[in-house]
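Right, one structure below, let's go through it.
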Amino acid sequence: MTVSEYFAQLLKSSMGDTVLDTVHVLSSAIEFKLKELATTVVIKGDGASSLLVIVTIIVLTSSALWWGWIFLSWRENTKIAGARGAGALPLPPGSFGLLPVLGGDTLSYLDAYQNFNIKRYVDQKVARYGPIFKTSIMGQPTIVLDSPAGNKLLFHEDEKLVQGWWPKNLKALVNYNGLSETNGEAHRVFRQHITSNFLGVDVVHRYFQTMERRAKAEIEPWTELKVGSELTIPTVDVLKNYSFRLICELSISLKDVREVEQLRHKFDMWSEGFMAVPVNFPGTSFNRALRARDVMADEMGKKIKQRRKELKEGLASETQDFLSVMLTHPDETGHIVEDKILVHTLLLLLWTASDTTASTLAMVLRETSRNPHVYRELMKEHASITRGKKDGEMLTTENLRSMKYTWRVVQETLRLYPILLGLFREAKTDFEYQGYTIPKGYKLLVTSAPLLDPKFYKDPKTFDPSRFEKVGGGAPAFTYFPFGGGHRMCPGNEFAKASIIIFVHQFLKHFKWTLVHPDEKIRYSFLATPEHGLPMKLTKIKPAF
Ligand code: HEM
């Protein structure tokens, strides 16, 4: 019996069936977050009783703190919403759920998110209330907009009506007063600074060589094998190594294997916190994540000081990486970024650039293997584009731009496995929308549900890159938004595109591959995560181009 089943049974005797489902989902959620403590514990019989008591205490304490946090959030937000004037239009239909102050829909939403069932979650609500409905998630009164028009509102360029918003647990984990925390003009200036100096389309081509070298280094142990040799690789780990080492090198010139591994260890602890119950209690994943973040922030602070010294002594170049650029280039208002914001931004870059790319690449390789015609088309494209290149000659911007089919494969992958299944914004002011009032302070949520909607995509579950011969896969504008949109749209999209295509190029060149588990379950542990790490059997081929 797992801890969640035990917990559900423990409460069954004292609670009615109505709340049992909620309790079960809660206990599953807690089990997931406390997995190091709990999921390894199998309660088998008499011998385990003291362990059982400890686990019960931890689970009950955590749940009390979790509910307390939800309750406080709810009180704070309904206070804001209560300030609406008389005669205002009604709120959208919907329900704040069973016991709204105790979390309402939070657990069904999280459950749907983790199990990749967001479309079903939204469909059930839409069938009941229509495409605009209210609910309560994470103690926040939330309005879900299930339509391209809703997405358009949320991804609007200016911030008159809505602004960026992150759930409190994410804020707590990332918050160092940087890009993710700012809104308005300060956010625009900083974004512009980062984009024009590090992530813009005119800058990213400078990293192609590093990307190609890193991709080659990651697969090198197997490219040396004899043609026809076979081996099994833990794909997700390999891809995480690639993307993490790449951003370490490009952001802080960190290449030393041991140092990268140490940072990676802390980074993994930190990123586990993103799906953890936000209970800051010794022993919880969330607490470990916060501590890991502080250690990383400390290390980044030291790197900044060290680099400043090296720049002064002429031992580092002004453009060698993101860190140097930020320390030597003022933004459009003439300011050099403050250290505490730079620390935050370095952490944010590690987070946004590494697992996102790895997760997308994993799904690209998975779908390519499941769809042999896609593999053939990719081979054809890469062979034709690199025909005539000398051995060791690097890919150019022109080559990458010509890899249109490969980019369609990535786009279709991001349609089926979007990086986020839900994105929040916050209403900045009371406003009216399609006959309803959206009160200031309410959260607005767009989900990935339209990406699987047959209204917009024929056979939505079929992997078909040819959809993207048309803009947006042929769906109406504002249906497809893999990199978000408006003033917070992902500034790393060109970087991501290049690093994914370059890896695919190297992989295609040397291997054929099949999935060890063709139907491996994909969960969303924040990002798409294959249950077994996507093991793949590689067959070494003669270099294909
Ligand atoms: C396949 C890879 C990636 C996907 C699908 C992706 C997607 C996203 C999405 C959906 C957002 C939120 C946008 C919004 O709120 O509207 C975002 C934000 C962000 N991404 Fe990416 N991303 C990827 C890779 C990267 C990379 C490689 C970098 C940096 C090198 C990066 C840097 C950022 C940053 C800094 C933000 C915060 C922007 C802000 O708040 O203004 N991302 N990304």
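We use all heavy atoms of the structure for the numbers below, so side chains are in, but hydrogens, waters and symmetry mates are not. Ligands are counted one by one from 1 in listed order, and the atoms in each one are counted from 1 as well.
A donor-acceptor pair shorter than 3.5 Å can be found between the side chains of Tyr121 and Asp105. Counted by atom type alone, Ser285 and Glu272 present zero donor-acceptor pairs between their side chains at under 3.5 Å. Using modelled atom types and a 3.5 Å distance limit, the side chains of Gln192 and Glu332 yield no donor-acceptor pair.
By the 6.0 Å and 45° rule, Arg467 does not stack over the aromatic ring of Tyr457. For the pair Lys171 and Trp166, the cation does not sit on the ring face, since its NZ or CZ is not both under 6.0 Å from the ring centre and inside 45° of the axis.
Of the listed options Pro491, Gly492, Gly484, Pro491 places a heavy atom closest to atom 36 (C) of ligand 1. The residue from His487, Arg425, Met489 that puts a heavy atom closest to atom 16 (O) of ligand 1 is Arg425. Among Trp165, Tyr417, Phe155, Phe483, the residue whose heavy atom sits closest to atom 4 (C) of ligand 1 is Phe483. When the options Arg488, Lys497, Glu494 are ranked by their closest heavy atom to atom 14 (C) of ligand 1, first place goes to Arg488.
Looking at Ile419 against ligand 1, only its side chain comes within 4.0 Å, counting heavy atoms. Contact annotation for Asn493 and ligand 1: no heavy atom of the residue comes within less than 4.0 Å of the ligand. Contact annotation for Ile194 and ligand 1: no heavy atom of the residue comes within less than 4.0 Å of the ligand.
Under a 4.0 Å criterion applied to the non-hydrogen atoms of Ala353, ligand 1 contributes the atoms 26 (C), 27 (C), 28 (C), 29 (C), 30 (C). Per-residue contacts place Thr360 under 4.0 angstrom from the following atoms of ligand 1 (heavy atoms of the residue considered): 1 (C). Residue contact check: Phe495 has heavy atoms under 4.0 Å from atoms 27 (C), 30 (C) of ligand 1. Close approach of ligand 1 to Gly485 (heavy-atom distance below 4.0 Å) involves ligand atoms 16 (O). If you number the atoms of ligand 1 from 1 as listed, the ones under 4.0 Å from a heavy atom of His187 come out as 39 (C), 40 (O), 41 (O). Heavy-atom proximity to Pro482, at under 4.0 Å, picks out these atoms of ligand 1: 5 (C), 7 (C), 10 (C).
Judged by distance alone, with hydrogens and angles left aside, the side-chain atoms of Ser324 form no donor-acceptor pair with the main-chain N or O of Asp321 at under 3.5 Å. Without hydrogens or angle criteria, Lys134 side chain to Pro92 main chain gives a donor-acceptor distance under 3.5 Å.
A ring-ring contact (aromatic ring centres under 6.0 Å, His included) with Trp351 is found for exactly one of Phe267, Phe244, Phe526, namely Phe526.
Within 6.0 Å of NE2 in His265 there are 12 or fewer heavy atoms belonging to other residues, nucleotides or ligands.
Residue-to-ligand polar distances keep Ile500 apart from ligand 1: every N/O pair is separated by 3.5 Å or more.
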